[in-house]
Number of protein chains: 2
Amino acid sequence: MSTTRSRATMKDVAAHAGVGLATVSRVVNGDPNVSEHTRAMVHAAIASLDFQRNDSARLLRQGIAASIGVILDDMADPFFSTLNRAVENEATARSTLSITASSNNEASHARELISALCARRVDGLIVACPRGIDEDYLQKEIAAGTPMVFVDRAPLKFDADTVLSDNFGGAFDGVTHLIAHGHQRIACLSDSSKLYTVNQRILGYRRALESAGIPYNSDWEHADLTAGVSLEEWLKKISSLAADEQPTAFFCTNSRASVAVLRALRNSEATWPAILCFDDFELADVIEPGISVVAQDPTAMGELAANLLFERLGQRSAKQPQPDQQQKFRNSVVKTKLIPRGSAEIVL
Amino acid sequence: MSTTRSRATMKDVAAHAGVGLATVSRVVNGDPNVSEHTRAMVHAAIASLDFQRNDSARLLRQGIAASIGVILDDMADPFFSTLNRAVENEATARSTLSITASSNNEASHARELISALCARRVDGLIVACPRGIDEDYLQKEIAAGTPMVFVDRAPLKFDADTVLSDNFGGAFDGVTHLIAHGHQRIACLSDSSKLYTVNQRILGYRRALESAGIPYNSDWEHADLTAGVSLEEWLKKISSLAADEQPTAFFCTNSRASVAVLRALRNSEATWPAILCFDDFELADVIEPGISVVAQDPTAMGELAANLLFERLGQRSAKQPQPDQQQKFRNSVVKTKLIPRGSAEIVL
DNA sequence: TTGTAAGCGTTATCAC
DNA sequence: GTGATAACGCTTACAA
């Protein structure tokens, strides 16, 4: 009952039970080749010493970590936390620990996290890699034996396993949906055009306009809510246009943009245009009118990524397979889904 | 450039550089007692072999993990993800890895996670412990040498370090705020009354009524949105009352309840009562009217918990301190903050 | 069935 | 300065 200085080891258990170290190990691991008697002795010793096997020592010996790293932008973002949850589930199902870290989408921070996890010899990594990260470094770690699956964004300089959303297609379909509801003047509002995903969605937006034969107007593409013309100013500018010059619909390319736009509209006098947002968010159906969205499927993405990673881990531990087999990377694209809730189906 | 079978070890580096193993260790750890020449040789070998120190081996030897575990209900919940982020920051500042896991607020799952992390000998744990968890087990692990700090909810059977929100006080102040705005008939809507936090808030609600001399009406306390009378039915029942019998204000005791209530109101014909929600949420200010909330401070909670834990870890590694000093647990209560946004300031 | 001993990749304590 | 060598706590041949 007194404060134990430190946890009991197998050696302690062995001594206490008057048996050899290996026997304790056998008992702990359920090896059948132990007599009933000794097994009982060992169990008694284990109980009386509150022994619990030290997994890090075991794993060191076995040369595996039984853990994977998951590096995403921000766990507070529902998209990433849902994706992470899916990975966590897959990992748990394989008795593997998933170690999560938020990079804040900063290249240097992500690199540090990856480095820290590789130093601990995690078996593999699932990474949403920030723009500008040192890709040579990533490649080096992969070559050194830590497989990585990239989610949401792919590295630019080299081929790898990837799981991405259908950003382009989703945006295309969404904007086409707006067009189908009679909109011709459609604005495109983005958080930061520097993000890969946002960029793809902008391209999808442009292509949809193009396909419908609608002229492109660069004034309607507000690319960065933080720099240049602020969203409020932009809204004011738009409102001051003649009625038949104003956009009748807004396409928001990510949830940050969506929130900013909704907040700005809420605080302005402007009549609400039709709105379609890329990425679903809680309460989207509670706002009046319900916000129509192009929903991603982070759960599917997480599952796919995890399965891909564990497949790699499996074939790594197997006898060296055909050397070129190793190089075949898989690139999955997960479909998005348009969810109409009213806001995009308005005809002005 | 060929696929390295496995990562280089210090032994490999030593051989490659033609020096002893210990020397490599010295170089890697920046020990000054190494000649310039050998240092250069070793660095060359390290570079050519792409050597990276195996931290798990190092940590095993040093008997520490340089990592802590964080077990919370659900990382997708903004309250917990924000709390976790604060812990993560504190840990990073101490070169410590924080390993996060979601218990889903299930006792058995939480126990498994705690067990898995203790088996890996994390240095300590920050836990939001689910109701019904085996507290004897927790106590055993703590006694065995893994300090734990409990956040959001405290264990019932034993004393420990805790960091809690001022659930009672926050609810009391919130409901008092409603009363100050002329409300007398105030309903209290909860997700599940089985949650400790929700219970405290319900008690705060009752006490506020009592303090104001307002009679308590058990019909207005809808304790469980999932069981018994569904929220929709309850709303209908309430609406059918005479106008001067209906509650004029709703107090929602957690964010799940808030969302459910807002959604139900949105889909009903009822005129909106005054609304006050415990726990802030994104878009609370975008909904019309802006939702007033009693905001918690998960960042402060995470910081406090982490600091408490690291303090314990510090005094553990120090020479055995006064044995009774060890037993003084700290119980912090973090204040909440009332944020009026309009919904609670309505006078019907 | 059981014990001894050699690792896993480090760090730490010695000698030299 | 430098290099053996013994830990750390475990698994796993290999003997007995």
Side-chain angles (χ1 to χ4, degrees), chain A residues 4-43 45-46 49-66 118-123 144-146 317, chain B residues 4-43 45-46 49-66 118-123 144-146 317:
Chain A
T4 319
R5 197 151 317 284
S6 78
R7 294 182 184 252
T9 76
M10 278 194 178
K11 209 161 134 188
D12 300 330
V13 174
H16 193 97
V19 301
L21 181 54
T23 303
V24 178
S25 176
R26 289 193 188 95
V27 172
V28 169
N29 295 310
D31 187 316
N33 297 331
V34 182
S35 79
E36 269 318 309
H37 178 68
T38 31
R39 183 186 306 280
M41 309 261 5
V42 170
H43 273 138
I46 286 177
L49 293 175
D50 266 337
F51 168 77
Q52 196 190 28
R53 180 178 58 193
N54 182 332
D55 266 352
S56 25
R58 179 173 64 100
L59 295 168
L60 169 65
R61 174 61 226 258
Q62 296 187 151
I64 58 169
C118 286
R120 296 191 185 215
R121 298 290 188 275
V122 292
D123 299 317
T146 306
S317 63
Chain B
T4 319
R5 197 150 319 279
S6 78
R7 294 181 185 251
T9 76
M10 279 196 178
K11 209 161 135 188
D12 300 331
V13 174
H16 193 97
V19 301
L21 179 53
T23 303
V24 177
S25 178
R26 290 194 187 94
V27 172
V28 169
N29 294 309
D31 187 317
N33 296 332
V34 181
S35 78
E36 268 319 308
H37 178 68
T38 31
R39 183 186 307 281
M41 309 263 3
V42 171
H43 273 138
I46 286 176
L49 292 175
D50 266 337
F51 168 79
Q52 195 191 28
R53 179 179 60 193
N54 182 332
D55 268 351
S56 26
R58 180 172 64 100
L59 295 168
L60 168 64
R61 177 59 229 257
Q62 296 187 150
I64 57 169
C118 285
R120 295 192 185 214
R121 299 291 189 274
V122 291
D123 299 316
T146 306
S317 63

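Since this is a predicted model, take the numbers as computed values, not measurements. Each chain gets a letter, A, B and so on, in the order its sequence line appears, and its residues count up from 1.
Looking at residues two or more places apart in sequence or on another chain, you find a salt bridge (charged side-chain N to carboxylate O under 4.0 Å, His left out) between A:R58 and A:D55. Applying the salt bridge (charged side-chain N to carboxylate O under 4.0 Å, His left out) rule to B:R39 yields the partners B:E36; only residues at least two apart in sequence or on another chain are considered.
Put simply, CG on A:D31 is 10 Å from P on D:dT12, counting in whole angstrom units. Rounded to whole angstrom, the span from the CG atom of A:L49 across to the P atom of D:dG9 amounts to 14 Å. Atom-to-atom, CZ of A:R120 to P of C:dT10 comes out at 14 Å; the value is rounded to the nearest Å. Here the C1' atom of nucleotide D:dG9 and the CE atom of A:M10 are 8 Å apart, to the nearest Å. Atoms CD1 (B:I64) and P (D:dG9) sit 13 Å apart, rounded to a whole Å. For A:L59 and C:dT10, the CG to P distance is 16 Å, given to the nearest whole Å.
If you find the closest nucleotide of DNA chain D to B:G63 and to B:G18, the one lying nearer the 5' end belongs to B:G18. Remark on DNA chain D: of its neighbouring residues B:L21 and A:L21, the 5'-side contact belongs to B:L21, judged by nearest-heavy-atom nucleotide.
Heavy atoms of A:S25 sit under 4.0 angstrom from at least one base atom. Contact annotation for A:V19: backbone-only contact, meaning every heavy-atom pair under 4.0 Å involves sugar-phosphate atoms and none involves a base. Across all strands shown, B:D55 has no heavy atoms under 4.0 Å from either base or sugar-phosphate atoms. Note on B:Q52: only backbone sugar-phosphate atoms sit closer than 4.0 angstrom, heavy atoms only; bases stay farther off. At a threshold of 4.0 angstrom between heavy atoms, the contacts of A:R26 include nucleobase atoms, whether or not backbone atoms are also involved. B:N54 comes within 4.0 angstrom of the backbone, heavy atoms only, and of no base.
For A:D31 (side chain) and A:N33 (main-chain N/O), a donor-acceptor pair under 3.5 Å exists by modelled atom type.
With distances taken from any side-chain atom of B:T38 to the nucleotides D:dT2, D:dG9, D:dA13, the minimum falls on D:dT2. Here C:dG9 is the nucleotide among C:dG9, D:dT2, D:dT11 with the atom lying nearest to any side-chain atom of A:L60. Proximity note for B:K11 (side chain, C-beta onward) versus C:dT4, C:dT11, C:dC8: the nearest is C:dC8. Distance from the side chain of A:N33 is smallest to C:dT2 among D:dG9, D:dT2, C:dT2.
With B:S25 as the partner, the side chain to side chain contact (heavy atoms under 4.5 Å, CB included) test is satisfied by one option alone out of B:N29, B:V27, B:V28: B:N29.
Phosphate proximity of D:dT2 to B:S35: present, with a side-chain N or O under 4.0 Å from OP1 or OP2.
For B:R61 against C:dT11, a side-chain-to-base donor-acceptor contact under 3.5 Å is present. The base of C:dG9 lies outside donor-acceptor range of the side chain of B:R58, with no N or O pair under 3.5 Å.
Counting heavy atoms from C-beta outward, B:R26 and B:V42 have side chains that stay 4.5 Å or more apart. Residues A:R7 and B:T146 have side chains in contact (heavy-atom distance under 4.5 Å, counting atoms from C-beta outward).
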